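A short worksheet on the structure shown next.
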Amino acid sequence: MPIHDPADLAPDLSRPATPAGFAEAAMVSLRPVFGASRAVFSDRHGGGPGRMYFINWPSWCEAHYCAEVRARDPIRTWLDRVAASHDNGVARLSELTPAAPPDEPLLTDCGAAFVLTLALRDRRRIVGALSLVRDAQRGDFDERDRGLALSLLPLLEMAYGGLAARIDPAQRLADDGRQHALTRRESEVATLAAAGHSNKSIARMLGSSPWTIKNQMRAVLDKTGTRNRTELSALLGSGRRANDGN
């Protein structure tokens with residue numbers, strides 16, 4: 001589908017009131033442009049990988065990604081690197097893993113093979129990432145696709161920026177649901193860790209052993225989808241800012 005005026009896509013992209021709605025509208029708008037069969041959107045406002053939205057995937061894919069793929073996802077690593085640089089915000093998965101094309105059930109079991117990711121910025125901070133996915137028989141994304149993605153990126157950033165401004169931060173955190181997966185003790189450990197306390201300090205404060213706190217911290221990072229205390233602090237910080245504003 002040729003695009004005579006990129007602004008023609010704006011109504012579809014700006015209508016949704018949630019990140020999931022934005023992802024679905026983006027998929028509808030961009031599927032015929034790029035020949036993508038499915039998409040993944042990451043809402044990164046809270047830091048880290050953010051909440052993942054899987055569009056047109058089998059139901060098992062999100063759980064498989066969180067359990068098996070997220071910690072070693074080259075796209076996530078690329079996004080973290082781009083966030084600290086002035087690199088352009090478009091990359092192909094085949095470029096990120098040139099030595100070993102991914103033999104990943106998340107892709108192969110769905111007949112997919114190729115991914116093109118667009119990093120959405122608000123100023124310099126990456127607040128979202130849209131990955132368009134092609135089936136194996138369609139072939140990889142090429143330089144023309146990259147150029148088109150770069151030309152559409154400002155529109156996507158504008159549309160998502162307008163959407164994000166209308167979302168209540170408290171509702172975003174509630175919809176995310178990651179903190180609700182924590183036990184009461186894990187929540188206490190997470191709060192203290194995000195405040196800068198070491199495992200030994202937390203153990204003394206909670207009357208526990210450093211070994212127990214270490215295991216609980218592992219559970220906290222796994223359940224919240226964060227990799228370290230910095231990402232955890234960013235996630236919990238977004239919740240505190242939401243509560244302060246209510």
Side-chain angles (χ1 to χ4, degrees), residues 1-3 5-46 48-66 69-70 73 75-76 79 89-93 104 106-107 109-122 126-136 138 141 145-146 148-178 225 238:
M1 181 187 76
I3 299 177
D5 182 358
D8 290 342
L9 296 179
D12 286 337
L13 295 174
S14 60
R15 186 182 306 118
T18 64
F22 174 85
E24 291 170 359
M27 181 61 189
V28 169
S29 298
L30 300 179
R31 178 174 187 165
V33 178
F34 291 96
S37 59
R38 49 185 61 85
V40 180
F41 183 72
S42 171
D43 174 22
R44 294 170 64 95
H45 274 89
R51 172 71 185 270
M52 310 293 291
Y53 300 90
F54 288 74
I55 311 301
N56 293 347
W57 295 82
S59 58
W60 59 268
C61 290
E62 181 172 3
H64 175 79
Y65 177 86
C66 293
V69 181
R70 181 167 54 194
D73 185 357
I75 296 174
R76 181 181 175 188
L79 287 167
V90 176
R92 294 178 296 174
L93 178 60
E104 168 53 55
L106 184 67
L107 295 175
D109 286 8
C110 298
F114 306 108
V115 183
L116 180 72
T117 299
L118 296 78
L120 281 56
R121 284 186 170 96
D122 179 6
I126 293 181
V127 294
L130 177 66
S131 292
L132 302 172
V133 183
R134 273 183 181 169
D135 291 340
R138 287 298 303 261
F141 296 92
D145 295 313
R146 183 201 301 277
L148 182 56
L150 284 170
S151 70
L152 293 174
L153 193 53
L155 173 62
L156 290 163
E157 291 174 335
M158 180 180 67
Y160 193 58
L163 165 68
R166 301 197 304 272
I167 299 176
D168 178 3
Q171 183 61 44
R172 181 192 297 276
L173 197 65
D175 290 344
D176 190 314
R178 286 177 287 174
S238 66

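Quick caveat, the model's predicted, so the values are computed rather than measured.
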Exercise for review: Report yes if the side chains of Arg44 and Val127 come closer than 4.5 Å at any heavy-atom pair, otherwise no.
Suggested key: no
Check your understanding: Hey, does Phe41 have a side-chain heavy atom less than 4.5 Å from the side chain of Ile55?
Key -> no
Study note, to complete from the structure: The side chain to side chain donor-acceptor pair (under 3.5 Å) partners of Arg146 (sequence neighbours excluded) come to Glu95, Glu143
Check your understanding: Between Ser131 and Thr117, what is the shortest heavy-atom contact and its length?
Key -> OG-OG1, 2.7 Å
Point to revise | Test item: Arg121 and Ile126 side chains (from C-beta on) under 4.5 Å apart, heavy atoms | key: yes
Point to revise | Considering all heavy atoms, the nearest Leu106-Trp60 contact | key: CA-CH2, 4.0 Å
Check your understanding: How close do Ala39 and Trp57 get, heavy atom to heavy atom, and via which atoms?
Key -> O-NE1, 2.8 Å
Check your understanding: Does the side chain of Tyr160 reach to within under 4.5 Å of the side chain of Leu130, using non-hydrogen atoms?
Key -> no
Revision key, fill the gap. In this structure, CG of Leu79 is separated from CG of Leu120 (nearest 0.5 Å) by 10.0 Å
**Study point:** Heavy-atom side-chain contact between Arg31 and Asn56 under 4.5 Å
**Key:** yes
Study note, to complete from the structure: For Arg38 and Met27 the tightest heavy-atom approach is N-CE, 3.1 Å
Exercise for review: Go through the steps for Leu30 and Leu152 under the test side-chain contact (heavy atoms from CB on, under 4.5 Å), then give the verdict.
Suggested key: CA-CA 10 Å; Leu30 300 179; Leu152 293 174; 3.8 Å; yes
Practice item. Would you indicate whether the side-chain heavy atoms of Val133 and Leu107 approach each other to under 4.5 Å? Key: yes
**Study point:** Side chains of Phe141 and Arg134 in contact at under 4.5 Å (non-hydrogen atoms)
**Key:** yes
Study note, to complete from the structure: Between the NE2 atom in His64 and the CG atom in Asp109, the distance rounded to the nearest 0.5 Å is 7.5 Å
Review point. Sequence neighbours excluded, which residues qualify as side chain to side chain donor-acceptor pair (under 3.5 Å) partners of Asp122?
Key: none
**Study point:** Distance, nearest 0.5 Å, that separates CG of Leu156 from OG of Ser151
**Key:** 9.5 Å
Revision key, fill the gap. Between Asp135 and Ser37 the two heavy atoms that sit nearest each other are OD1-OG, 2.9 Å
Exercise for review: Check Ala136 against Phe114 and note the closest heavy-atom contact, atom names and distance.
Suggested key: O-CE1, 3.5 Å
Exercise for review: Kindly compute the distance separating OH (Tyr65) from CZ (Arg76), expressed to the nearest 0.5 Å.
Suggested key: 6.5 Å
